[in-house]
Novice: 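The following block contains the structure, expressed as structure tokens.
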Amino acid sequence: MEVEQIWRYVDSERASLAEFLSGLSATEWTTPSLCSGWTVQAVAAHVISSPQVRAWPVVVGLIRTRGDFNRLILEEGQRAAASYSPEQIVAQFHQYAGSRRHPLGTTPADPLLDVLIHGQDIAVPLGRHREMPPEAARVAADRIWMKSFPFKARKRLAGVRLVATDITWTVGQGPEIRGPISALLLLLTNRPTPAHSHLSGPGLPTPHPTSS
């Protein structure tokens, strides 16, 4: 997919998530997300931090956390959730919806996978349905499969073949796991519990709690 089309999906998904967040109650903003230690508000703040990230604070943060990237992003998400109200976070989504900035060392596919995956981290525990455009989810799935950090998808899912049923996409070798690309994306990002009800096949693993 061309880079500009990827950015158009990022723009669209950020705008859509902003609209979704605008309708949440105060209680829903404080609901735990799919990821341990993260509230809906912290996840939302994290998603829109991508175009605002500066390299030097990240370096300082990694030194402070002794290279623990997961701890760093959790602390930053919690800090942002405490610093910004829901209304301010939604305003940031509108402000940065069309931004083309992304953190050093990432590609335009990374902000796309962030908004797609974390949109589910927010919607699923609230009992809400949030569609993923299959073409956008395929770009995110390709990106996750090709890079090892942080999901280690190829290592975790070694020995199985993933086959999308709603779009042309397949990776791996072995017993098949079949389902919509959106469910496969959740599996690739170590979110098997919400994915399992939409997947089938002899390669399907036992679900484990999501940790990041």
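Residue numbers run from 1 in the order of the sequence given. For clarity, every value in this text was computed on a predicted model and none was experimentally measured. Just so it is clear, the values below take in all heavy atoms, side chains as well, and ignore hydrogens, waters and symmetry mates.
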Novice: What closest approach, in Å, do V90 and A18 show between heavy atoms, and which atom pair accounts for it?
Specialist: CG1-O, 4.1 Å
Novice: Which heavy atom of T27 sits nearest to which heavy atom of T30, and what is that distance?
Specialist: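 Nearest pair, atom of T27 first, then T30: O-OG1, 2.9 Å.
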Novice: Indicate yes or no for a side-chain donor-acceptor contact from R14 to the backbone of Y96 under 3.5 Å, with no hydrogens or angles considered.
Specialist: yes
Novice: Do the side chain of R191 and the main chain of T189 share a donor and acceptor less than 3.5 angstrom apart?
Specialist: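 Yes: the side chain of R191 pairs with the backbone of T189.
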Novice: Mind checking the CG-CD1 spacing from L185 to I117? Nearest 0.5 Å is all I need.
Specialist: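 The CG atom of L185 sits 4.5 Å away from the CD1 atom of I117.
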Novice: Walk me through it: do V124 and T193 pass the test side chain to side chain contact (heavy atoms under 4.5 Å, CB included)?
Specialist: CA-CA 11 Å; V124 171; T193 300; over 6 Å; no
Novice: Verify the neighbour count for atom CD of Q5: are there more than 12 heavy atoms of other residues, nucleotides or ligands below 6.0 Å?
Specialist: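 Enclosed: over 12 neighbouring heavy atoms sit under 6.0 Å from CD of Q5.
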Novice: Taking R100 for the side chain and G98 for the main chain, is one N or O donor matched with an acceptor at less than 3.5 Å?
Specialist: yes
Novice: Keeping the roles fixed (side chain from R161, backbone from P175), state whether a donor-acceptor pair exists under 3.5 Å.
Specialist: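 Absent.
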Novice: To the nearest 0.5 Å, tell me how far S99 OG sits from W7 CH2.
Specialist: 6.5 Å
Novice: Of the non-hydrogen atoms in V3 and P108, which two are nearest, and what is the gap between them?
Specialist: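 Answer, listing the atom of V3 first, then P108: CG1-CG, 3.9 Å.
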Novice: Do the side chains of R130 and L17 get nearer than 4.5 Å, heavy atoms only?
Specialist: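 Of all side-chain heavy-atom pairs linking R130 with L17, at least one is under 4.5 Å.
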Novice: Check A81 against A45 and note the closest heavy-atom contact, atom names and distance.
Specialist: N-CB, 4.3 Å
Novice: Determine whether Y9 and L186 fall in the same hydrophobic cluster, where Ile, Leu, Val, Met, Phe, Trp and Tyr are linked whenever their side-chain heavy atoms lie under 4.5 Å apart.
Specialist: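 No, no single cluster joins them.
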Novice: Would a distance-only check, ignoring hydrogens and angles, find a side-chain to backbone donor-acceptor pair under 3.5 Å from T170 to L162?
Specialist: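 Yes.
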Novice: Check for a donor-acceptor pair, side chain of S12 on one end and backbone N or O of R8 on the other, with a separation under 3.5 Å.
Specialist: no
Novice: I'd like to check the ring pair (Phe, Tyr, Trp, His ring centres under 6.0 Å) partners of H118; sequence neighbours left out, ordered by chain and number.
Specialist: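 So H118 forms a ring pair (Phe, Tyr, Trp, His ring centres under 6.0 Å) with H46.
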Novice: I'd like to know if R178 pairs up with D166 as an ion pair, taking the criterion as any Lys NZ or Arg NE/NH1/NH2 lying under 4.0 Å from an Asp or Glu carboxylate oxygen.
Specialist: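 The answer is no: the pair does not qualify as a salt bridge.
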Novice: Can L157 and V171 be said to form a side chain to side chain contact (heavy atoms under 4.5 Å, CB included), step by step?
Specialist: CA-CA 10 Å; L157 297 167; V171 295; over 6 Å; no
Novice: How close do A44 and L21 get, heavy atom to heavy atom, and via which atoms?
Specialist: CB-CD1, 3.8 Å
Novice: What verdict does the side chain to side chain contact (heavy atoms under 4.5 Å, CB included) test give for Q95 and I48, after you've listed the backbone C-alpha separation in whole Å, the side-chain angles of each residue and the deciding distance to 0.1 Å?
Specialist: CA-CA 10 Å; Q95 179 180 354; I48 203 55; over 6 Å; no
Novice: Using the salt bridge (Lys or Arg N to Asp or Glu O under 4.0 Å) rule, collect all pairs that involve residues 22-32, keeping only residues at least two apart or in two chains.
Specialist: E28-R128
Novice: Does one hydrophobic cluster hold both V160 and V163, with members joined at side-chain heavy-atom distances below 4.5 Å?
Specialist: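 Not linked; separate clusters.
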Novice: Would you give the length of the straight line joining atom CG of L34 to atom CG of N190, rounded to the nearest 0.5 angstrom?
Specialist: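 L34 CG to N190 CG: 11.5 Å, rounded to 0.5 Å.
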Novice: Distance-only, no hydrogens or angles: does the E13 side chain make a donor-acceptor pair with backbone N or O of L116 under 3.5 Å?
Specialist: no
Novice: Counting only N and O atoms by type, is there a donor-acceptor contact under 3.5 Å from the side chain of S33 to the main-chain atoms of W38?
Specialist: yes
Novice: Could you tell me whether Y84 atom OH has more than 12 heavy atoms of other residues or ligands within 6.0 Å of it?
Specialist: no
Novice: For Q88 and S85, indicate whether the former's side chain and the latter's backbone hold a donor-acceptor pair under 3.5 Å.
Specialist: yes
Novice: Side chains of residues 132-146: which donor-acceptor partners sit under 3.5 Å, not counting sequence neighbours?
Specialist:
| from | atom 1 | to | atom 2 | distance (Å) |
| --- | --- | --- | --- | --- |
| R138 | NH1 | T168 | O | 3.0 |
| D142 | OD1 | W169 | NE1 | 2.6 |
| R143 | NE | D110 | OD1 | 3.3 |
| R143 | NE | D110 | OD2 | 3.2 |
| R143 | NH2 | D110 | OD2 | 3.1 |

Novice: Give a yes or no on whether E4 atom CD has more than 12 heavy-atom contacts from other residues, nucleotides or ligands under 6.0 Å away.
Specialist: yes
